[in-house]
Amino acid sequence: MTLAAHSESSETTRTPAATKRRLVVVSNRVAVPRPGRTGGEGGLAVGVKAALEESGGMWFGWSGKTVDYEQGEPEAASLSKAGQIAYATIDLSQRDYDEYYNGFANRSIWPLFHYRLDLADFNRRYLAGYQRVNALFARRLAPLLRDDDLLWIHDYHLIPMADQLRHMGCQQTMGFFLHIPWPSTEVLLALPNQRALVQSLCAYDLVGFQTEEYRKAFLDYCRRELGATILPDGTVEAFGRHVRTGTFPISIDTEPLAKAAEEASESRQIRRLRDSVRNRDLVIGVDRLDYSKGLLVRVQAYEHLLRAYPANRGRVVMLQIAPPSRMEVPEYKQLRNEMEGACGRLNGAFAEFDWTPVRYLNKGFSRRMLAGFYRTARVGLVTPLRDGMNLVAKEYVASQDPADPGVLVLSRFAGAAHELDGALIVNPYDLEATAEAMQTALSLDLEERRERYRTMFERLRIHDIDRWREDYLSALAA
Ligand code: ADQ
C-alpha cells in the first residue's frame, strides 16, 4: 500500500500520537507567541502550530530578526517555552536574509515552483547564501538534538538541511514536507542546481507532498534525471539511500473553526460588516499579497461579472483582504501597485454614490474575525494560478452556516481542488468562465448549496489538521 493510499483511509484508523518520541519541527520562521499579535501568519505557521500544540515538542527556526554580525555570529539558539512547545530560534545577518530568504527561497525557488519562470532570478550569490544558512541552521540545531528525536523539516527554504545534518553525523529519523507545488520535470530543469537540490532531498527518510500530482512529478524527476529506481510503494532508491514518499494534504482545525465562525457571527464587528453590506451579496477573497494567488485575474473576472451580468451592479460587494508579504522582493511591490491600480480603476468605473463594488484591505485579522467574514460571504473566491494546497478554501467551507451555506469558487490549480469537489472549479486564466462561475455561485438554490457544503465539510471534519499530523508522523516513525 502506498502512503498516498494510507492517508485516504477511514476515520476509524485514526492513530493516537504516532510515537512517544520527541517531535522537533524545523521551519524557516518560528511563530513564537507574542501578546497582541493577530493574523498575518502564513499557511505553514498556522498548520505547524496547530500540529505542535497537540503533541508538544520543539520548534526550531529563524526568529524573524536580522542582526549585525560584526561582533561575531551568536553561538547558540535562544530558547523559550510556551505551553507544550519549546521554541529555539536564531537570528540572521542582513546578508543571510537577503541571499537565503529574499534571494534563493523567494526569488529562485518560489517563482519556479509556481511556474513563474518569467519572474525567477537564478543569481549564484543567492544559492551560496541558501547553502550557508542551511548549514548554519544545522550547526545550531545539532547540539539540541536527542538520539531518538523525530525531525520534521518544513518547506522549500530548508531542502538541504537533512543533508547538512547527516554530514555532521546526525542519524535521527528525518522527514521533509513541501508546502508548495513540486513542478513538472520540464519546469524544474530550468533551475541551475536542481540536481544537487534533489540529491540533498535523498538525505531524508520521508518526503511528503500536498497532492499525488506533485509526488508523481518528483518521482518522474528522480527516475529521469537521477536514474533512481522507484519501488512500487513510491520509495526512491538513489545514492545508496531509500527515501519514502507520500501524499499528505494539509488541512485546518475544522471543528474549532466552525464553532469560532458561529460565535463570531454574533460579534459586534461581524454585525457591523453585515450592516454595511445590507441586503447585498458579499463575495470574499483572503490571500497573502502574492502573485501566485491570482489576485489580478480575480479583480478582472469580477469586472467581467459586472459587465456580463449588470444586474449584479449595486447588488454585490467584493471584500478582498490581502496583507502585504515579502515586500523587499521587487515583484511583490509591483503586484501591490498593480492591485491598487486595478481596484481603483474598477471602483472608478462602476461605483455609485451609495455602492462601492470592491473593498480592498491590506491588513491582517484574527482567525475569529476571518471566520466571521467567511460566514457572512455568499461566495468564497479562491483563484490561485498555482498553489500547494490553499488553506483559505478549506477555512471558507468550515466557517459556513450549515443551514444557509455560501458557495466556494475554486481554481483547479490549487491543491485543495483535489479534495473540495463541492466547489465550482474554475480555470482562473479564463476570466469569462470565472465570471460565469461567480454568477452560478450567486444563484444556486439552497438545497444545492447545502449538498455541496455537506460533502466538503464532512471531508474536512475527518481530514483535519490533527489527521494530517498523525498521518505524516506515523508514516515517518514507521
Ligand atoms: P500560503 O501561501 O500562505 O501557504 P494559504 O494556504 O492560503 O497560503 O494560507 C494562508 C493562511 O494565512 C490562512 O490560514 C489564512 O487564514 C491566513 N491569512 C491570510 N490572510 C490573512 C489575514 N489578512 N489575516 C489573518 N490571516 C490571514 C503555504 C502554501 C499553501 C499551503 C500552505 C500550508 O503556499 O499552498 O496551503 O502553505 O501548507
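Small disclaimer: the values here were computed from a predicted structure and weren't measured.
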| message | Test side-chain hydrogen bond (donor to acceptor under 3.5 Å, both in side chains) on Asn347 and Thr356; report intermediate values, then the result. | response | CA-CA 6 Å; Asn347 281 338; Thr356 309; 5.7 Å; no
Q | Arg367 and Glu395 ion-paired at < 4.0 Å | A | yes
Could you check whether Tyr214 and Phe209 have their ring centres less than 6.0 Å apart? no
Q.
In this structure, is the centre-to-centre distance between the rings of Phe365 and Phe373 below 6.0 Å?
A. yes
Next on the checklist: Test your reading of the model: is there a side-chain donor-acceptor pair from Arg21 to the backbone of Asp148, 3.5 Å cut-off?
Outcome noted: yes
query = With no hydrogens and no angle check, is any side-chain donor or acceptor of Arg223 less than 3.5 Å from a backbone partner on Gly227?
reply = no
Test: Glu470 and Arg467 ion pair at under 4.0 Å
no
CG (Leu206) and CE (Met174) are apart, to the nearest 0.5 Å, by 13.0 Å
Notebook entry, point to check: Does Asp98 come within less than 4.0 Å of Arg132, counting only side-chain N to carboxylate O?
Noted result: no
- Go through the side-chain N and O atoms of Glu213 and His418 and say whether any donor and acceptor fall under 3.5 Å apart. yes
- Item | Validation row, ring centre Phe177 to ring centre Trp468 under 6.0 Å | yes
**Asked** Taking the six-membered ring for Trp, are His157 and Tyr101 parallel (under 30°), tilted (30 to 60°) or perpendicular (over 60°)?
**Response** parallel
Check whether more than 12 heavy atoms from other residues, nucleotides or ligands sit under 6.0 Å from atom CG of Asp147, and answer yes or no. no
Between Ser200 and Asp163 (side chain of the first, backbone of the second, donor and acceptor by atom type, cut-off under 3.5 Å), is there such a pair? no
Here the gap from Glu331 atom CD to Leu119 atom CG, rounded to the nearest 0.5 Å, amounts to 5.5 Å
Practice task
May I have the step-by-step check of ring-ring contact (aromatic ring centres under 6.0 Å, His included) for Tyr221 and Trp182, ending in yes or no?
Solution key: CA-CA 10 Å; Tyr221 181 93; Trp182 184 274; 7.1 Å; no
Side chains of Asp287 and Gln320: donor-acceptor distance under 3.5 Å anywhere? yes
Practice task
Indicate yes or no for a side-chain donor-acceptor contact from Arg375 to the backbone of Ser399 under 3.5 Å, with no hydrogens or angles considered.
Solution key: yes
Only one of Leu178, Leu201, Ile159 passes side-chain contact (heavy atoms from CB on, under 4.5 Å) with Val207, and that residue is Leu201
>> Looking only at side-chain N and O atoms, does Asp205 offer a donor or acceptor that is under 3.5 Å from a partner on Thr173?
In response: no
- Query: Between the main-chain N or O of Tyr396 and the side-chain N or O of Gln400, is there a donor-acceptor pair closer than 3.5 Å?
  - Reply: yes
- Query: Taking 4.0 angstrom as the limit, do Lys394 and Glu419 come out as a salt bridge?
  - Reply: yes
Next on the checklist: Determine whether a donor-acceptor pair (N or O, by modelled atom type, separation under 3.5 Å) exists between the side chain of Tyr87 and the backbone of Ala82.
Outcome noted: no
Between the CG atom in Asn106 and the CZ atom in Phe104, the distance rounded to the nearest 0.5 Å is 11.5 Å
CD1 of Ile425 to OG of Ser411, rounded to nearest 0.5 Å, is 8.0 Å
dist Ile180:CD1 -> Ser292:OG (nearest 0.5 Å) comes out at 9.0 Å
Q | Exceeds 12 heavy-atom contacts within 6.0 angstrom, atom CZ of Arg224 | A | yes
Go through the steps to decide whether Asp387 and Val382 satisfy the test side-chain contact (heavy atoms from CB on, under 4.5 Å), and finish with yes or no. CA-CA 10 Å; Asp387 211 334; Val382 181; 5.7 Å; no
So CG of Asp96 and CZ of Phe137: to nearest 0.5 Å the spacing works out to 9.5 Å
### Message
Taking Arg345 first and then Glu303, would you say they form a salt bridge - that is, a charged N and a carboxylate O separated by under 4.0 Å?
### Response
no
Do other residues, nucleotides or ligands put more than 12 heavy atoms under 6.0 Å from the CD atom of Glu432? no
ask   = So, the side chain of Asn134 versus the backbone of Gln131: is there a donor-acceptor pair under 3.5 Å, distance only?
value = no
